[in-house]
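All ligand and atom numbering here is 1-based and tracks the order in the structure.
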Amino acid sequence: MFRIFTFTCFFSSYIAQHTVPNMAYPLSTSYRWIVDENGQRVKLACVNWPSHLQPVVAEGLSKQPVDAVAKKIVEMGFNCVRLTWPLDLMTNETLANNVTVRQSFQSFDLKDEIVGFKTNNPSMIDISLIEAFKTDELFFKLNTYIHLTKPGWCCANDDGNGFFGDQFFDPTVWTAALRKMAATFDGVFNVVGMSLRNELRGPKQNVNDWFKYMQQGAEAVHSANKNVLVILSGLNFDADLSFVRSRPVNLSFTRKLVFELHWYAFSDGNLWATSNPNDICGRVLKRLGNRGNFLLNKGLPLFLSEFGIDQRGGNANDNRYLGCLSGWAAENDVDWSLWALTGSYYLREGVVGMIEYYGALDSDWNSVRNSSFLQQISLLQSPLQGPGPKTDAFNLVFHPLTGLCLIRSLNDKTMLTLEQRTEKQGHDDSDKLFKSRFHMEDYVHL
Ligand SMILES: *[C@@H]1O[C@H](CO)[C@@H](O)[C@H](O)[C@H]1NC(C)=O
Ligand SMILES: *[C@@H]1O[C@H](CO)[C@@H](O)[C@H](O)[C@H]1NC(C)=O
Ligand SMILES: *[C@@H]1O[C@H](CO)[C@@H](O)[C@H](O)[C@H]1NC(C)=O
Ligand SMILES: *[C@@H]1O[C@H](CO)[C@@H](O)[C@H](O)[C@H]1NC(C)=O
């Protein structure tokens, strides 16, 4: 899988320093960019941290202290967490206030998780689920959150959570819960965005209700919290925003609206593995153009809020898709969030300790699952375009397969090298460039 293009690139210091220094909150939008108070671009390079499954506790905390996980996220080059939550946390007072983390684990008979949680996060085990959700470290950086109604794994067409009017999806209850969540984090400066609903879907979905209720939900969030970006998901499992092209979203406020899309290989079955990768990439990108990419040309921000691959490396379908996706994401320099952070889940679909092979962390929640995968997405973690201090701007050619940039050797003009500034803390070579020499004819195919 190969795509070559040039664009302006700068390695800004803010990822390299593993922090987001001097960022002036709150965030807003300017044309298609998310910017801070000074008008500087803030590129969301997030990772999804699930907190919406049945125990309603952010995953991984039976394995590592919450601040260690937070530190790890920053070391891996992410600047943001997309923290997920079930609507019940805002609608069921008993669940939110009268169930502690320990009691929640007990109710699912998760004895080992209790032991691990007590060891790693003793100060959190006997607090309520809502207090645990508000733990500072979960909000240590830019944070957006999403949700479904019933705690559990998401999503299916027929799970009663898909669209307004479904069994567990009453628009009035939903709007009130959004307002409450927005108010809960009003004034919490690093909660920067709120997504209204995860993966709208199912037989009831239709464009008119989308506009009616999404606008209503967006107004509710904004009225309760003027700081957060309001993030709107598309239809068909958040794969389709085409209907916004001809009918604009009508809101009473400006400069806060962001659209989100999800894109996975498996949405196209096994086509990536079975077709010519260039053909399928071309076809899918054309479709993406109609379903979401057009927003960028209209000056509206698009957040690729879920994508990911099986990081064990053996899934050809996923691997080819990632080459196509990362070329697209670099070229368009979109904001994004990887699925997922998760090493393993406390309890997913009835399985205790289920491993998430799409996760950046291993099941110990400490080791990186696959560092070559992280390298592949590392260029995408830096802002490449948009308003900001372009101190070190140059043109480069991106090699999606490795995530490296193509540099012509100064000494030997027939040689090209692939280079990357390695930016991950905790690696011994953190400030060195590493290079792999190769012959152009071996690699460059247009
Ligand atoms: C929470 O529990 C306390 C007693 O432990 C009880 O008095 C109170 O009514 C409960 N609140 C809710 C919302 O269930
Ligand atoms: C609210 O949460 C409690 C604790 O999990 C649960 O027992 C109860 O059934 C829930 N209520 C509703 C209406 O779902
Ligand atoms: C936008 O919404 C406002 C009130 O919410 C309404 O007065 C106006 O007619 C709407 N505009 C369009 C184009 O629908
Ligand atoms: C990481 O992914 C690569 C393919 O991208 C694969 O060859 C390798 O085996 C994977 N490593 C681990 C530790 O899973």
Side-chain angles (χ1 to χ4, degrees), residues 1-2 52-57 76 85-110 128-130 132-133 148-152 160-161 167-170 173-177 207-208 210-220 222-223 230 243-244 246-254 257 265 272-273 277 308-326 338 343 347 355-364 366-378 399-404 436:
M1 197 57 260
F2 219 103
H52 67 276
L53 276 74
Q54 280 161 311
V56 199
V57 178
M76 291 190 290
W85 53 284
L87 202 72
D88 279 7
L89 193 59
M90 286 292 114
T91 57
N92 183 338
E93 291 275 340
T94 309
L95 177 71
N97 297 313
N98 263 24
V99 177
T100 65
V101 171
R102 184 197 299 272
Q103 289 164 343
S104 186
F105 285 138
Q106 275 165 351
S107 69
F108 296 102
D109 202 23
L110 299 171
S128 66
L129 294 180
I130 186 64
F133 185 76
L148 66 164
T149 303
K150 290 285 155 203
N161 274 290
Q167 186 184 358
F168 304 114
F169 197 170
D170 176 335
V173 173
W174 170 78
T175 306
V207 168
N208 283 338
W210 187 94
F211 278 97
K212 177 177 174 191
Y213 294 120
M214 294 302 262
Q215 287 172 178
Q216 182 181 304
E219 296 290 353
H222 187 73
S223 68
V230 179
F243 48 89
V244 181
S246 55
R247 181 171 165 188
V249 174
N250 179 17
L251 298 173
S252 66
F253 57 93
T254 58
L257 180 63
W272 292 94
I309 64 163
D310 184 330
Q311 293 185 26
R312 290 171 295 180
N315 183 328
N317 208 47
D318 275 358
N319 295 346
R320 291 177 171 186
Y321 139 97
L322 184 65
C324 181
L325 180 145
S326 56
L338 175 72
L347 174 66
I355 294 175
E356 172 65 275
Y357 292 112
Y358 280 50
L361 290 178
D362 223 326
S363 53
D364 62 6
N366 178 45
S367 348
V368 168
R369 185 177 301 282
N370 193 325
S371 55
S372 64
F373 171 79
L374 280 185
Q375 177 190 294
Q376 236 181 313
I377 63 165
S378 65
H399 181 236
L401 208 55
T402 54
L404 303 176
S436 51

Among protein heavy atoms, which lies nearest [atom], and at what distance?
atom	answer
atom 9 (O) of ligand 4	R312 O, 3.9 Å
atom 2 (O) of ligand 3	N250 ND2, 2.4 Å
atom 3 (C) of ligand 2	N92 ND2, 3.6 Å

Grab the two heavy atoms, one from [X] and one from [Y], that are nearest each other, plus how far apart they are.
X	Y	result
L95	L89	CD2-N, 4.1 Å
A177	T91	CB-CG2, 3.8 Å
F211	R247	CZ-O, 3.1 Å

Heavy-atom nearest option to atom 1 (C) of ligand 4, drawn from D310, D318, N370: N370
Under 4.0 Å from [atom], is there at least one protein heavy atom?
atom	answer
atom 5 (O) of ligand 3	no
atom 14 (O) of ligand 3	yes
atom 11 (N) of ligand 4	yes

Main-chain N/O of W272 paired with N317 side-chain donor or acceptor, under 3.5 Å: yes
Minimum side-chain heavy-atom gap [X]-[Y] below 4.5 Å:
X	Y	answer
L251	E219	yes
V249	W210	yes
L129	V101	yes

Distance filter under 4.0 Å to R369 heavy atoms, resulting ligand 4 atoms: 13 (C)
Ligand 4 atoms nearer than 4.0 angstrom to some heavy atom of S372 are 1 (C), 2 (O), 3 (C)
Quick one: does ligand 2 sit under 4.0 Å from the side chain of L95, the backbone, both or neither, non-hydrogen atoms only? both
So CD of Q311 and OH of Y358: to nearest 0.5 Å the spacing works out to 10.0 Å
Give a yes/no on ligand 4: does Q376 have at least one heavy atom closer than 4.0 angstrom to it? no
